[in-house]
Amino acid sequence: MTSLRDARPARDASHASGFARLAPSAAASAGGRALAAAIQQFDAAADHLSLEPGLRQVLRSPQREVTVRFPVTLDDGSVQVLTGYRVQHNIARGPAKGGLRYHPQTDMDDVRALAMWMTWKCALVDVPFGGAKGGVAVDPAKMSSNELEAVTRRLASELEGVIGPDSDIPAPDVGTNAQTMAWIMDTISMHRGYSVPGVVTGKPIALGGSQGRADATGQGVLYTIEDAARRIGLDLRGATVAVQGFGNVGEAAARLLHAAGARVVAITDVYGGVMDDLGIDVPNLKRHVEEHGSVAGAPGTREVTNEQLFALPVDVLVLAALEGQITAANAGSVRARILAEAANGPVSPDADPILRENGVVVIPDILCNAGGVIVSYLEWAQNRAALAWTLDEVNERLQRQILAAAEAVSARADADDIDPRLAAHAIAVERVAQATALRGLYP
Ligand code: NAD
């Protein structure tokens, strides 16, 4: 049995004290709700595994939290002080790994929740990483490219003692992209005096990025939807799909589903939404977004809101925007057969029983969107070995690894008679608990 007792008896058997330390500081904020959801999901898995109290406390608490406040000079010459966060939740299985988010609502609780989910995601798909996340409370849509470069380079400098190819490896997330990673890689490389490609993943291919990384999360979303569809006897060709979010993940997922023959009938972004019962031409929509900055108003479509999109009688609903979109208040309106959690934490724990009751098959986030971290791992491995694999090689490995995890989740759900989210968390928490117990407590 997995236990820390062999290494050191747990001094405080009450996991309530672990919760006290991690209690969301602002329960009403989106970040506070995300952290409460992450803790609730962890507790359910820990209960299911009868995890011993010492291990439970260790795995519930982020190992390292860094807050930085730094000034940047804006284009108009004024100075703004920004707040950035980096949280390493657990590194028992390897270096910390996780995205970097630029969003005005980013706060410490949000980053704690996302870091914890990264730990479970990496363990579930069996990549040799722990979990981390970072963020800056800033709205990138209101900043010029020069300002974003200044923010990113200063943040990379502030975090220099924390991030690195063997310690903590950022990647793109909401509001960041391959260019952001290029600036971080260049800043760290300038400071060291030599190129350090492995400090970030999701880099441009010209700088040691991997083939397939830009689409990897969306590609993994497609593979897990195909898997779920196969299990319920749904043919994806001609199946109807609605997608919330049209960024790094949502655009790729919509485009790849469209290419696989599915009919994408509705898409929303932060500015609005579009709908066409006959099916949206996703590549055309992408061109519209490049010109106009939003899906809203694309020719040949009619308007749709998020709430309308959630309630559409589609075969597949893909949530690829932010946390906490489906709650107890609107879960009852979801009529999709499959709900794919392409975003992190898009369904709150109080919505889960309602979706289950209504027969909606939920592909849990730590499985559904794990394609990104799988190909991040492949990018990091290529950087370390100075190799460059082809797109086919990358996608083949991605598919093999994510489908192995999907199969493990399905088998565990059947064996323990539990839902896929609990099964996914049980597998992941068990693996991290085992690694933690094997390492023992230092000193
Ligand atoms: P992004 O910033 O590229 O795109 C986010 C999209 O969501 C944008 O189209 C934005 O307009 C839209 N959006 C924001 N608020 C919305 C709202 N209220 N209603 C409708 N749309 C809204 O971000 P991303 O990288 O695509 O990340 C999306 C989600 O996927 C996040 O939860 C992120 O943590 C998760 N994720 C991302 C990656 C990755 O590789 N980028 C990997 C795993 C998970």
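One-based numbering, in listed order, for ligands and for the atoms of each. Just so it is clear, the values below take in all heavy atoms, side chains as well, and ignore hydrogens, waters and symmetry mates.
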Out of Arg101, Lys133, Arg33, which residue meets the salt bridge (Lys or Arg N to Asp or Glu O under 4.0 Å) rule with Asp110?
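For Asp110, the salt bridge (Lys or Arg N to Asp or Glu O under 4.0 Å) test succeeds with only one of Arg101, Lys133, Arg33, which is Arg101.
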Who's touching ligand 1 if we go heavy atoms under 4.0 Å?
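Shell around ligand 1 (4.0 Å, heavy atoms): Arg101, Pro172, Asp173, Val174, Gly175, Arg213, Thr217, Gln244, Gly245, Phe246, Gly247, Asn248, Val249, Thr268, Asp269, Val270, Asn306, Ala320, Ala321, Leu322, Ala342, Ala343, Asn344, Asn369.
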Can you list everything that forms a side chain to side chain contact (heavy atoms under 4.5 Å, CB included) with Pro313? Sequence neighbours excluded, please.
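In terms of side chain to side chain contact (heavy atoms under 4.5 Å, CB included), with neighbours along the sequence ignored, Pro313 is linked to Arg335.
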Report the residues that fulfil salt bridge (charged side-chain N to carboxylate O under 4.0 Å, His left out) with Glu303, sequence neighbours left out, ordered by chain and then residue number.
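Salt bridge (charged side-chain N to carboxylate O under 4.0 Å, His left out) check on Glu303 returns nothing, list empty.
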Option among Val265, Leu285, Asp269 that satisfies the side chain to side chain contact (heavy atoms under 4.5 Å, CB included) test with Val274
Leu285
side-chain hydrogen bond (donor to acceptor under 3.5 Å, both in side chains) evaluation trace for Ser189 with Asp186:
CA-CA 5 Å; Ser189 300; Asp186 183 67; 5.8 Å; no
Taking only residues at least two apart or on different chains, which pairs with a member in residues 356-366 satisfy side chain to side chain donor-acceptor pair (under 3.5 Å)?
Arg356-Asp419
